[in-house]
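Step one of this worksheet: look at the structure below.
Below, chain A is the first sequence line, B the second, and so on; all start at residue 1. Scope of the values below: all heavy atoms of this structure, side chains included, with no hydrogens, waters or symmetry mates.
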Amino acid sequence: MEDALQQCRSQGILTGSKKPKVTLEIPKHDGQGDFATTLALALAKIEKKPPREIASALISILENQNSWIEKIEIAGPGYINFFLTQDFWRQTLLSIHEQKSGFGKTSVPTKEKILIEFVSANPTGPLHVASGRAAALGDALTRLLEAVGHQVDQEYYLNDIGAQMKLLGRSTYLRYRELFGEKITLPEGSYQGDYIIEIAEALKQKDGDRYLSGTETSHLDFFTQYSLKTIITWIKTDLHDFGIDFNTWFSEKDLHKNNEVPEVLEFLKSKTMLYEKDGAQWVSTTPFGDDKDRVVVRSNGHKTYFASDIAYHRNKFKRGYDRLIDIWGADHHGYVNRIKAATEAMGYESGRLTILIHQLVNLLRDGKPVKMSKRAGTFVTLREIIEEVGVDATRFFFLMRRSDTALDFDLELAKKATNENPVFYVQYAHARLCSILRVAKSQGFDTAALIKNTDLNTLKPLTLPEEMAVIRELSRYPELIHSAADALEPHRLTFYLQNLSGLLHRYYFSCRVITEDELLTHARLVLITAIRIVLQNGLQILGISAPEEM
RNA sequence: GCGCCCGUAGCUCAAUCGGAUAGAGCAACGGCCUUCUAAGCCGUAGGUUGCAGGUUCGAUUCCUGCCGGGCGCACCA
């Protein structure tokens, strides 16, 4: 297109100098070609000529230039619609079989080194639903970004120090005493879930009554560390069973141990981004878009949580990452501006930190909201959900919506979900393909050999509109992966897979793959194995299995 | 009060950088299994894209105001 525009200008047909961006899109409706461009519309203003006139000038250059082009039409106000030959589409099947699991991924080895931090729930209890959404999102994003050539590490930030930790230790300690018949009252803000009793019980089994004597203070640290260790193990196990193993578990305690918080404050001071007021130390975040400057050291000498957060982000950058992605729940969105401002104050480009906000999950049971509170212990855990619903369905469910819309997760619905859960629709499409392949094999077809001997000629029997529709959708896959990765929106992939599955089911219904006609059967086997590859590739990115039978 | 996110079919959601006639699933209604898996397919119905302006060839998309919902606004962690 760009060449055509250039030629028009050098031949004096068009006279403008500005060059609009040339984009190709896939039209929504039949009869509008395989690809279309709005270039003539965009040029109309620059050239001061009617768009249709510009379009016909462009077409005169474009015609007969490319053997894939069947015909070109001008439509509506000045769209240029391209109709491509069937060979063009068939040829994408060859490239799918050539690239296999690499189809849709870029061949460029490493573009950027990215650290994606997600879940990072406080280790004061088992993971619950909202963390599951973050987990599914972060994990799918990781593979999406890897598919387009980035190197991605996954990190979990552990808030393993501070007041919450003390409270956790205290809660376990009191439950422990309770197990020996003592009457206790849990203070305001304690963790009251049954899992605390579970931890205390395990300790009683292991060590008996040895912590009954002595003061609470003398045992508190032990109880804190013991509870913490137990809970971290739970969290790791739950995530592992959900299909996620983080590259690093970053401890806030280590951050303090290594003196990084005071260091970052010194660093900010050296950049004149730190000042003292009212006995406290403040970071200048306002010049970078924050509403107000923020306190990092309180007048009582205590460093705020925000101070550790700044130090943590500096630590990430210093480890050599080009880009950081944080995934936070909507309940933390108020912190986006300040942490972005703080990283800018340290001198890091704002574009290098992306904070992705996901809206909260409304857990429903029979359509009624389940009130959840970690402290009161009334929450549904991620484990409970994956045990009841299954990993595949849970992940798919979490990834079906754009991250910035609230997600209703009805447990009863998800549990009985056979009809209503779309993951089955996609997985069934895959299983169906496998089933055809099994039958083909039993009838003596060697699909692998057929694929090896495929070329444009052997694909000629593929002529039906249903077949072209599927192939067109397959060819769209690499571009879809790129745009989903750029936008950090894995949900686009779930929609794509549902759509592709729909095309397959429709094709299955209207055409038989295995027929008397051997050449046709060959071509169709090549087609369905290509569909299978794309379904597998897509499901792999989402972290969902592709079953061969259902 | 201020800030961020969302308002699209009865419900849950899409809509490729501002593009053509706004699409799926579920629910409803009517059809399709002597055939490679009916966890499937086909058809019908369903809309003033919250409201009102603005920007332009063109707006679900961008801007302003309003209405409604969610979340957040500490020298807390």
Rounding to an integer number of Å, can you tell me how far A:Trp282 CH2 sits from B:C75 P?
6 Å

Are OP1 or OP2 of B:A38 and a side-chain N or O of A:Arg432 less than 4.0 angstrom apart?
yes

OP1 or OP2 of B:A14 versus the side-chain N and O atoms of A:Arg492: is any pair under 4.0 Å?
no

Taking A:Thr285 for the side chain and A:Lys292 for the main chain, is one N or O donor matched with an acceptor at less than 3.5 Å?
yes

Just the rounded figure in Å: distance from P of B:C36 to CD1 of A:Ile531.
18 Å

Touch check for A:Ile26, heavy atoms < 4.0 angstrom, all strands: base, sugar-phosphate only, or nothing?
base

Kindly state which residues belonging to residues 284-295 of chain A come within less than 4.0 angstrom of RNA chain B, counting heavy atoms of the residue only, listed by number.
A:Lys292, A:Val295

Face-on cation placement of A:Arg170 at A:Phe223 ring, 6.0 Å and 45° thresholds
no

Run the salt-bridge test on A:Arg476 and A:Glu479 with the 4.0 Å N-O cut-off and return the result as yes or no.
no

Considering only nitrogen or oxygen atoms on both sides, find all protein atoms under 3.5 Å from nucleotides 32-35 of chain B and state each distance.
| residue | atom | partner | partner atom | Å |
| --- | --- | --- | --- | --- |
| B:U35 | O2' | A:Arg512 | NH1 | 3.0 |
| B:U35 | O2 | A:Arg512 | NH1 | 3.4 |

Only stems of 3 or more consecutive Watson-Crick or G-U pairs count here, both distances under 3.5 Å; name the ones for RNA chain B, or none.
B:1-7 with B:67-73, B:10-13 with B:23-26, B:28-32 with B:40-44, B:50-54 with B:62-66

Between A:Trp89 and A:Arg472, is there a cation-pi geometry (under 6.0 Å to ring centre, at most 45° from the normal)?
yes

d(CZ, A:Phe397; C1', B:G25) in whole Å:
12 Å

Ignoring hydrogens and geometry beyond distance, is a side-chain donor-acceptor pair present between A:Tyr191 and A:Gln164 at under 3.5 Å?
yes

Got a sec, which residues hit side chain to side chain donor-acceptor pair (under 3.5 Å) with A:Thr515, two or more places apart in sequence or on another chain?
A:Thr521

Could you state the atom-to-atom distance from NE2 of A:His430 to P of B:A39 in whole Å?
18 Å

For B:C6, does OP1 or OP2 lie under 4.0 Å from any side-chain N or O of A:His358?
no

Categorize A:Cys434 for me: base, sugar-phosphate, or nothing, with a 4.0 angstrom heavy-atom threshold over every strand shown.
nothing

Under the salt bridge (Lys or Arg N to Asp or Glu O under 4.0 Å) rule, what pairs show up with a residue in residues 501-525 of chain A, not counting sequence neighbours?
A:Glu467-A:Arg524

When you measure from the side chain of A:Asp278 to the backbone N and O of A:Ala280, does any donor-acceptor pair fall under 3.5 Å?
no

Mutual orientation of the aromatic rings belonging to A:Tyr312 and A:Phe250 [parallel < 30°, tilted 30-60°, perpendicular > 60°]:
tilted

Listing time: all N or O pairs from protein to nucleotides 20-24 of chain B that are below 3.5 Å?
| residue | atom | partner | partner atom | Å |
| --- | --- | --- | --- | --- |
| B:A20 | OP2 | A:Lys28 | NZ | 2.5 |
| B:A20 | O4' | A:Tyr79 | OH | 3.3 |
| B:A20 | O2' | A:Gln32 | NE2 | 3.4 |
| B:A20 | N6 | A:Asn81 | OD1 | 2.9 |
| B:A20 | N1 | A:Asn81 | OD1 | 3.3 |
| B:A20 | N1 | A:Asn81 | ND2 | 3.2 |
| B:U21 | O2' | A:His29 | NE2 | 2.8 |

Using a heavy-atom cut-off of 4.0 Å across all strands, would you classify A:Ser483 as base, sugar-phosphate, or nothing?
nothing

